[in-house]
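Proteins get letters first, then strands, A, B, ... in listed order; numbering begins at 1 in each. For clarity, every value in this text was computed on a predicted model and none was experimentally measured.
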There are 2 protein chains.
Amino acid sequence: MPGITPMDAPRSTSDDRPRAPGNIDQLCINTIRTLTVDSVQKANSGHAGAPMGLAPVAYTLWQEVLRYDPTEPLWPNRDRFVLSCGHASMLLYALIHLSGIKRLKDGKVTNEPAVSLDDIEHFRQIDSVTPGHPEYGHTTGVETTTGPLGQGCGNSVGMAIASRWLGAHYNRPGHTVFDFNVYTICSDGDLMEGVASEAASLAGHLGLDNLCWIYDSNTVTIEGHTELAFDENVAERFRGYGWHVTNISDANDCSRTRATLEEFRETKGRPTLIIVNSVIGYGAPDLQGTSKIHSDPLGAEEIRKVKAFLGFPEDKDFYIPDGVLERFREGIGQRGAAARAAWEKNFRDYAATYRHEATQIERCLKHELPESWASALPVFKADAKGIATREASGKVLNAIAEELPWVLGGAADLAPSTKTKLTTEGMGALEKTTPGGRNMHFGVREHGMGAIVNGLGLCHLRAYGATFLIFSDYMRPPIRLAALMRLPVFHVFTHDSIGVGEDGPTHQPVEQLASLRAIPGLVTLRPADANEVSEAYRVIFTLKDTPAALILSRQPLPIFDRGKYAPASGLARGAYIMADDGGEPQVILIGTGSEVQLCVAAYEELKTRGLRARVVSMPSWDLFEKQDKSYRDTVLPPRITARVTVEQGSTIGWDRYAGPSGAIIGMHTFGSSAPLKDLLKKFGFAPDKVVEAALRQIEQNKAS
Amino acid sequence: MPGITPMDAPRSTSDDRPRAPGNIDQLCINTIRTLTVDSVQKANSGHAGAPMGLAPVAYTLWQEVLRYDPTEPLWPNRDRFVLSCGHASMLLYALIHLSGIKRLKDGKVTNEPAVSLDDIEHFRQIDSVTPGHPEYGHTTGVETTTGPLGQGCGNSVGMAIASRWLGAHYNRPGHTVFDFNVYTICSDGDLMEGVASEAASLAGHLGLDNLCWIYDSNTVTIEGHTELAFDENVAERFRGYGWHVTNISDANDCSRTRATLEEFRETKGRPTLIIVNSVIGYGAPDLQGTSKIHSDPLGAEEIRKVKAFLGFPEDKDFYIPDGVLERFREGIGQRGAAARAAWEKNFRDYAATYRHEATQIERCLKHELPESWASALPVFKADAKGIATREASGKVLNAIAEELPWVLGGAADLAPSTKTKLTTEGMGALEKTTPGGRNMHFGVREHGMGAIVNGLGLCHLRAYGATFLIFSDYMRPPIRLAALMRLPVFHVFTHDSIGVGEDGPTHQPVEQLASLRAIPGLVTLRPADANEVSEAYRVIFTLKDTPAALILSRQPLPIFDRGKYAPASGLARGAYIMADDGGEPQVILIGTGSEVQLCVAAYEELKTRGLRARVVSMPSWDLFEKQDKSYRDTVLPPRITARVTVEQGSTIGWDRYAGPSGAIIGMHTFGSSAPLKDLLKKFGFAPDKVVEAALRQIEQNKAS
């Protein structure tokens with residue numbers, strides 16, 4: 001683990017002493033501004049307004065407060081900086097460049113700059129490390145991918161929870177291994193988004209005093225002044241959430257910024273919101289304070305005026321005055337290096353005394369699994385009555401959680417239904433006074449949950465969320481971002497079909513499976529029985545850079561006799577031949593989840609009629625598509641075109657496996673409120689319907 | 001229009017005089033409770049807790065305040081009641097039954113009860129009008145489909161906006177045609193959801209003093225006490241949003257309920273939040289106040305105790321004591337009938353004086369289009385350079401909006417980009433002081449926008465929302481509910497692909513098209529050029545019970561020469577042959593939106609090489625699947641298996657049209673930040689790529 005050899009005693013603020021802002025600091029601030037206008041102009045796109053307005057605040061935060069060693073961007077106890085208003089990306093790229101953050105390559109720190117001046121000149125260009133919005137994993141120093149508003153706010157709550165969780169688990173007297181703070185810059189847009197509201201409410205509830213949101217109240221949005229749509233009293237709202245609220249009435253007043261950041265660090269038991277009154281596009285005489293500067297390049301003429309106003313040479317682009325880089329080195333550079341050195345020294349002592357804990361930390365940070373873990377995976381006995389896959393999931397998840405201490409998560413107020421509660425003694429609730437709890441109560445806040453889980457994942461915890469599959473719709477943006485960031489988080493989505501029964505069409509998923517499958521890089525798994533659930537978890541925990549969605553039934557499903565049928569380990573390949581009597585099958589029956597039992601029953605029935613069918617259990621399209629062609633053709637031989645697919649969901653996409661003449665049994669409308677048995681009849685999900693379709697397929701195949 | 005003959009002068013409160021709650025009122029309240037426990041018990045599922053706790057508040061609201069004529073549920077100026085916590089559906093069903101609301105059938109009022117006692121006995125059963133969660137259009141008296149939390153809150157904001165909008169447009173001195181109030185009962189869960197936060201913030205901004213949310217603070221959620229996840233100061237938060245906040249400290253205190261409802265009606269310039277402290281499951285001695293009663297049947301023993309406690313015969317189920325129905329008739333029944341009669345009288349006079357307005361109202365309520373409207377649809381001249389389909393959309397939408405006064409909408413702070421602003425003089429912003437404006441500023445609140453648009457649609461306005469396609473992910477729940485409710489609302493989703501360019505993968509849709517297509521009953525349209533945009537609007541406005549999503553490009557697209565190629569009117573059938581030289585085509589090129597130009601260019605290139613291709617423009621899978629087989633087979637003859645599909649989106653679902661051997665050109669990963677020309681190269685979208693694929697297809701077809 002890079003950088004993991006040791007650390008400091010309880011956090012001291014002595015290295016963060018206020019300093020008078022001299023000319024050199026102003027020069028640094030204005031360099032951020034001019035780099036921004038030049039890069040946006042050259043790219044002919046991008047957002048200069050927010051970086052220009054916020055430069056002094058962000059500069060003060062980074063230079064004087066943020067505990068970050070530019071030479072070791074993986075230092076686990078670094079403070080986290082989140083730019084939730086990702087469109088202001090040039091602010092972050094400028095800071096990364098000027099701070100001299102080193103580039104990571106294959107998980108190692110190199111001597112290359114994370115963002116070079118050349119990269120800044122290639123802002124928003126193909127394959128550059130300076131894309132339009134900051135991308136985690138793509139650009140070193142970017143702690144999370146932002147742009148879709150509100151998400152960074154939610155992530156930051158997860159990060160702050162992670163800091164406290166790690167501290168609660170691993171800190172020991174005299175050895176503070178984890179106590180990082182999380183700073184988030186956010187915009188009007190972020191605070192209008194519901195996901196930020198949800199996350200803020202939970203942050204207040206949990207009393208996250210290591211979390212500081214810096215809200216850029218520049219009063220300008222794309223459509224115009226915020227008066228058009230947003231004139232709430234943000235301070236009052238956040239006090240309602242239980243936050244400490246303070247303000248900086250002039251973004252250019254660095255001493256006030258310094259004071260509010262100090263206020264944040266002195267505030268205990270509550271997160272802090274700092275409301276900054278800034279002028280969007282500050283320094284652009286003709287455009288500042290208007291929506292025009294929100295997302296348009298300034299134009300050469302205005303840029304000249306900006307440079308004149310800021311005292312920069314008008315004819316030089318991407319100009320970094322003498323002394324600026326040095327100033328950053330003696331600011332964030334020296335502070336960060338000293339803090340990290342102290343931490344490393346301390347951690348060496350810690351590791352000597354607390355070997356077990358140090359090993360755990362190392363494994364957690366590397367997403368390594370202890371050898372024993374897989375043996376903990378339960379094997380379920382065949383049982384015709386069976387159990388719901390959500391029930392099985394509860395058992396498997398609990399077994400794994402005992403092996404892996406850094407597994408934590410919870411549901412959006414549905415844990416008794418999603419069966420995601422970790423019940424082993426000591427795995428209590430994660431609450432304000434018990435920050436090391438393993439069970440999170442997210443409240444009825446699915447979207448916030450998704451964003452918070454991403455934040456936990458960004459801090460290396462194996463985090464999960466849970467809700468009914470239907471409510472995955474409430475949290476698609478963070479699911480997508482987990483896929484884009486390649487974060488190994490997962491979600492447990494239960495009540496996965498009309499199997500929901502009486503709750504009716506508002507609660508019965510139809511299109512959700514198809515919609516999740518459509519997200520690139522997300523692994524969607526819909527196991528057919530308890531043993532496939534166990535195998536699904538084996539896959540999920542082995543994935544180091546892929547998020548997963550586990551789709552589970554509300555109702556009991558038979559546990560197949562794996563002596564009679566193929567072992568559930570076939571799940572790992574996405575689809576596998578579960579039943580086949582040898583010889584060329586006359587028809588292939590393909591099912592997922594609760595519908596595999598229909599295929600198996602139909603298979604047995606066809607067998608009694610002397611017909612050769614094959615059952616393919618297909619829990620994951622994504623995994624199946626990753627297999628080589630020969631495996632795929634073995635499971636679904638192209639020459640066998642008599643096929644029936646069965647899934648209680650939208651039929652979209654099934655043509656791929658059914659082929660042009662195959663039968664697709666699925667949902668074509670919304671569901672209905674009734675006991676499940678009535679719904680199965682109404683919507684045509686029964687073994688005899690599969691048999692009928694199979695017979696027609698066999699007949700048709702003969703004919704052709 | 002049923003019921004549209006006339007109405008009252010400015011709202012009087014004289015018919016809402018406080019009355020002392022006598023025994024008969026208590027009997028009515030307890031009847032709601034016992035009907036609830038009996039129906040949940042019989043169904044063996046459902047939520048009894050909230051109806052039991054809230055019965056007195058809901059009873060007082062309905063009996064004494066709600067302006068609703070049970071014999072005319074379509075009366076356009078009725079107050080709207082929204083049960084946002086839809087799981088408490090038995091509360092609503094009991095009220096509908098006891099109030100004697102008449103059933104609608106084919107848009108006409110019948111003499112049948114909307115909900116009979118038999119229906120209540122069949123709570124949550126197949127095809128009953130008493131499904132698990134209330135469904136609009138399915139059960140008369142249900143004003144919106146609820147269950148997914150927070151949505152009803154959002155809908156109610158839209159309804160309150162609609163009331164003010166209709167009033168602003170159609171009220172005349174002495175003739176108040178529209179001034180209905182909107183009452184919403186919501187739960188802890190509703191207020192935790194971000195969508196409710198977004199809607200509340202906008203409601204405060206707009207000063208909706210005709211909106212009253214009654215918040216059931218019963219402190220119990222599924223996972224346990226709200227202390228687990230929700231201890232914010234709701235009152236302070238809502239005051240921050242600009243709401244008037246009051247409270248009922250005991251849900252059983254009807255006089256206090258009466259006083260707060262009066263307070264609401266006297267509060268001007270702000271919406272009102274009434275916080276009710278209730279005991280969940282009130283009346284169930286062993287279970288009340290616990291999470292167990294949130295969503296479990298009580299059991300026979302506890303039900304006997306409930307009935308004993310409430311003074312009801314323990315051995316009678318679904319028992320309605322004498323006098324209860326009469327009490328409702330003399331309460332809400334008489335008040336509602338009188339109010340409606342007064343309104344109708346007034347409206348008769350109004351219609352005589354203001355014929356034009358009365359005709360407009362009638363058309364608006366019936367979703368009728370004036371004859372002239374279609375002639376307003378622009379026709380665009382062929383132009384190789386062309387314009388972005390979002391640009392074309394702006395022109396078409398404006399042309400229609402001039403013809404149809406009840407078209408209104410807006411964007412989630414992206415109107416300058418989505419081109420959805422109505423620019424004709426007089427179509428100003430809809431703001432607090434200009435409630436009749438046609439341009440809504442939703443702020444950066446996509447989810448709230450979706451729910452609010454549904455509320456507007458429920459009040460018969462042709463409402464639309466707009467944002468970037470990527471952000472449709474933020475608002476899937478209300479899009480789905482619009483489809484489930486069959487509401488003719490629509491959304492304009494622009495920036496529909498990697499065509500977004502420099503903003504990068506966070507802003508480039510990949511899976512969104514597939515995900516929208518998967519929603520049953522939603523029409524998704526991705527027009528190829530400006531004339532297809534015009535035709536898309538023709539489809540959208542002709543739909544009376546179907547929502548639509550219009551998917552548009554950021555970048556300019558050529559406007560095809562419709563003399564040379566088939567007319568754009570083919571769009572109405574979902575897919576059509578756009579170019580074909582006669583004779584059996586050797587290959588079919590299928591595209592949507594911005595990729596149709598690639599198909600056309602490839603077609604022309606193949607033609608120069610002496611090869612016969614066909615171009616199919618396929619703007620809407622949904623509409624195409626509605627066509628009869630013979631049309632579908634004409635466009636895509638099954639025998640022609642050489643096919644190429646091209647779309648800058650997830651390939652999921654394209655197998656259906658490409659067939660098993662066809663080529664599918666699409667996106668397999670997330671996009672990237674760069675100028676579009678570089679992205680097209682990187683991701684392989686160019687005419688020569690289509691030509692190559694077509695040649696391979698022709699070759700392969702020959703070989704087979």
Chain A heavy atoms under 4.5 Å from [X]: which part of the residue, side chain, backbone, both or neither?
X	result
B:T146	backbone
B:T669	backbone
B:H447	side chain
B:F230	both
B:F123	neither
B:T145	side chain
B:P509	backbone

To the closest 0.5 Å, what do you measure between [atom1] ([X]) and [atom2] ([Y])?
X	Y	atom1	atom2	result
A:F238	B:E236	CZ	CD	12.5 Å
B:T226	A:H441	OG1	NE2	12.0 Å
A:H133	B:D503	NE2	CG	4.5 Å
A:R476	B:F471	CZ	CZ	14.5 Å
B:M485	A:F670	CE	CZ	10.0 Å

Is [X] close to chain B through its backbone or its side chain, or both, or neither, when contacts mean heavy atoms under 4.5 Å?
X	value
A:H47	side chain
A:A411	both
A:I470	side chain
A:S128	neither
A:F468	neither
A:Q125	both
A:Y241	both
A:A483	both
A:Q508	backbone
A:K682	side chain
A:T506	both

Between [options], which residue shows the highest count of heavy-atom pairs closer than 4.5 Å to chain B?
options	value
A:V510, A:L516, A:T221	A:T221
A:G504, A:S201, A:G653, A:P477	A:P477
A:A514, A:P505, A:G659	A:P505
A:D231, A:T130, A:V444	A:V444
A:T651, A:L484, A:I652	A:L484
A:V234, A:D413, A:L191, A:L414	A:D413

Out of [options], which one racks up the most heavy-atom pairs below 4.5 Å with chain A?
options	result
B:E431, B:R445, B:M667	B:R445
B:A429, B:G521, B:P148, B:G242	B:P148
B:M440, B:H668, B:E446	B:E446
B:M475, B:K421, B:R480, B:E135	B:R480
B:R239, B:Q151, B:H138, B:K432	B:R239
B:Q512, B:H122, B:K681	B:Q512

Specify the closest pair of heavy atoms between [X] and [Y], including all atoms of both residues, with the distance to one decimal.
X	Y	result
B:G443	A:M192	CA-SD, 3.8 Å
A:Y474	B:L149	OH-O, 2.7 Å
A:P416	B:I222	CG-O, 3.8 Å
A:E198	B:E193	OE2-C, 3.6 Å

Any side-chain heavy-atom pair of B:H507 and A:H87 under 4.5 Å: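 They are not in side-chain contact.
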
Sub-4.5 Å side-chain heavy-atom contact between A:S515 and B:E511: no

A:H205 side chain vs B:L228 backbone, donor-acceptor pair below 3.5 Å: yes

A:E223: salt bridge (charged side-chain N to carboxylate O under 4.0 Å, His left out) partners, not counting sequence neighbours: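 For A:E223, no residue satisfies salt bridge (charged side-chain N to carboxylate O under 4.0 Å, His left out) once neighbours in sequence are set aside.
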
Enclosure of B:E227 CD (heavy-atom neighbours >12, cutoff 6.0 Å): no

Residue pair B:R237, A:S197: steps toward the side chain to side chain donor-acceptor pair (under 3.5 Å) verdict: CA-CA 10 Å; B:R237 169 180 156 209; A:S197 304; over 6 Å; no

Quick one: side chains of residues 672-680 of chain A, donor-acceptor pairs under 3.5 Å with protein atoms, not counting sequence neighbours, listed by atom name and distance.
from: A:S673; atom 1: OG; to: A:E502; atom 2: O; distance (Å): 2.7
from: A:S673; atom 1: OG; to: B:G132; atom 2: N; distance (Å): 2.9

